[in-house]
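Quick notes on the structure that follows.
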Amino acid sequence: MTNKYMYFIANWKMFGNLKTLNSLNKVISFVKKFKKNKIKLIYCPPFTLLSPLNNKLKLTTIDLGAQNCHQSESYGANTGQINSEMIKAVGAKYVILGHSENRVLGENDRLINLKVKNSIKAGLKIIFCIGESLNQKKKKQTKKILSDQISQGLKKIKNKKKIIIAYEPIWAIGSGLIPKETEILEIVKFIKRKVRGSIVLYGGSVNSKNINTLKKIHNVDGFLIGGASQNSNNFIDIIKKSFN
Ligand code: PGA
């Protein structure tokens with residue numbers, strides 16, 4: 001950890017309902033007792049749960065984030081879409097952008113850049129995801145891919161230091177596989193050199209077992225956690241082990 005805080009971001013993806021939110025009571029009481037000056041916890045539920053979760057988190061130190069948004073800064077005739085203003089209005093402080101599960105649906109760097117710009121304008125903090133495919137890794141293109149995703153996705157963004165960058169190798173997401181410690185160390189170093197002063201997280205199959213290895217990588221400022229964040233016991237376990 002080279003940052004003031006260790007980040008734990010829960011990405012619930014397309015999971016969860018009103019009932020699921022009850023399971024967060026455990027996390028809330030855990031955080032109250034924990035050395036909370038050292039951790040930043042951010043929950044990113046699906047859009048449908050932003051408002052009820054905001055009510056639940058009101059008296060806590062846990063922050064709220066959305067998993068994506070539409071690129072438009074204004075309201076408009078965009079059926080099925082939600083923009084950053086709307087996300088901000090229900091109490092979210094963060095938004096995940098550039099996630100590979102959305103890139104694969106056709107989001108390109110130009111579109112992501114527009115989303116980043118307008119979300120910053122709306123007052124949201126950005127969790128910017130980058131990562132290479134297995135094929136690109138095999139061809140030793142990882143740094144080139146990440147470098148392009150950063151240059152284009154964060155094009156003309158002035159205060160890049162405020163962006164949280166999540167390095168998520170596509171092949172590690174949901175697969176149970178993670179890169180070698182030395183690989184993560186090197187990539188995080190590379191990203192921090194490219195975007196000076198940035199907060200850099202690792203994401204992809206983080207769980208309560210491999211956290212014992214991942215936590216040793218000293219330049220990683222935290223984790224973006226999908227599957228394992230949906231179970232409060234697992235999530236708490238990951239946080240606890242990160243500091244043991
Ligand atoms: P995972 O997802 O932890 O389930 O691999 C991480 C992510 O996609 O953000």
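It should be emphasised that the depicted structure is a prediction, and the values quoted were computed from it without experimental measurement. Each ligand, and each atom within it, is numbered from 1 in the order the structure gives. We number each residue from 1, following the sequence as shown.
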### Query
Any Lys/Arg nitrogen of Glu101 or Lys13 sitting under 4.0 Å from an Asp/Glu carboxylate oxygen of the other?
yes
### Query
With a 4.0 Å cut-off, would you call Glu132 and Lys143 a salt bridge?
no
At a 4.0 Å threshold, what atoms of ligand 1 neighbour a non-hydrogen atom of [X]?
X: Leu224; answer: 9 (O)
X: Glu168; answer: 6 (C), 7 (C), 8 (O), 9 (O)
X: His99; answer: 7 (C), 8 (O), 9 (O)
X: Gly204; answer: 5 (O)

Residue pair [X] / [Y], side-chain donor-acceptor N/O under 3.5 Å:
X: Gln67; Y: Trp12; answer: no
X: Asn17; Y: Thr20; answer: yes
X: Lys240; Y: Asn244; answer: no

### Query
Going by heavy atoms in the side chains, are Phe223 and Ser242 under 4.5 Å from each other?
yes
### For ligand 1, the portion of Ile173 having any non-hydrogen atom under 4.0 Å away
both
### Message
Suppose we measure from atom 2 (O) of ligand 1 to each protein heavy atom; which comes out shortest, and what is that distance?
### Response
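Its nearest protein heavy-atom neighbour is Lys13 NZ, 3.1 Å.
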### Message
Could you check whether any heavy atom of Ala228 sits closer than 4.0 Å to an atom of ligand 1, since that is the contact criterion I want to use?
### Response
no
### Message
Quick test of your reading of the structure: of Gly227, Gly226, Gly174, Cys44, whose heavy atom lies closest to atom 5 (O) of ligand 1?
### Response
Gly174
